[in-house]
Amino acid sequence: MDNLYLDWALQQDAKDPLYDYRSHFALPDNVIYLDGNSLGPLPKAVPDRISATVHQEWGTDLITSWNKAGWIDLPQIVGQKIAPLIGAEPD
């Protein structure tokens, strides 16, 4: 690739307000991953969060996690977040 175009592309990338979000995802070096609708890249925080859910909330806290970890409130929390996307009322 012509360095002129590569330099321009890197400058545009650096100006992108979403540029820093790449560091939040586990992506192999030198990979440009454009498939974000089906299986987007793994957020770096997810493995630890899943481990905590499985080991602590499910494994240790068992049924108490419905209240202790707030599982009971998740349908309302998720519903409020997706409501604007589907044109529904928040509640």
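To the nearest 0.5 angstrom, Asp61 atom CG is 10.5 Å from Thr53 atom OG1. Note: Asp73 CG to Trp66 CH2 = 10.5 Å, rounded to the nearest 0.5 Å. Interatomic distance, CD of Gln11 versus CG of Leu6, reported as 10.0 Å (0.5 Å rounding). Distance check: Arg22 CZ to Asp13 CG gives 8.5 Å after rounding to the nearest 0.5 Å. For the atom pair CD of Glu57 and CG of Leu62, the computed distance is 11.5 Å after rounding to the nearest 0.5 Å.
Within the hydrophobic cluster formed by Ile, Leu, Val, Met, Phe, Trp and Tyr side chains joined at under 4.5 Å, directly or through other members, Ile32 is accompanied by Leu34.
Residues Val78 and Trp71 do not share a hydrophobic cluster, clusters being chains of Ile/Leu/Val/Met/Phe/Trp/Tyr side chains in contact below 4.5 Å. A single hydrophobic cluster is not seen to contain both Leu42 and Leu27; linkage of ILVMFWY side chains at heavy-atom distances under 4.5 Å, directly or through other members, places them apart.
In this structure, Glu89 places its CD atom where only 12 or fewer heavy-atom neighbours from other residues, nucleotides or ligands lie under 6.0 Å away. No more than 12 heavy atoms of other residues, nucleotides or ligands lie within 6.0 Å of CD1 in Ile63, so this atom counts as exposed by the packing criterion. Dense packing is recorded around NZ of Lys44, with more than 12 heavy atoms of other residues, nucleotides or ligands lying under 6.0 Å away. Around the OH atom of Tyr33, the shell of radius 6.0 Å holds more than 12 heavy atoms that belong to other residues, nucleotides or ligands.
You'll find the side chain of Thr60 stays beyond 4.5 Å of the side chain of His55, heavy atoms only.
Taking all atoms of both residues into account, the shortest heavy-atom contact from Pro90 to Ala83 is CA-CB, 3.8 Å.
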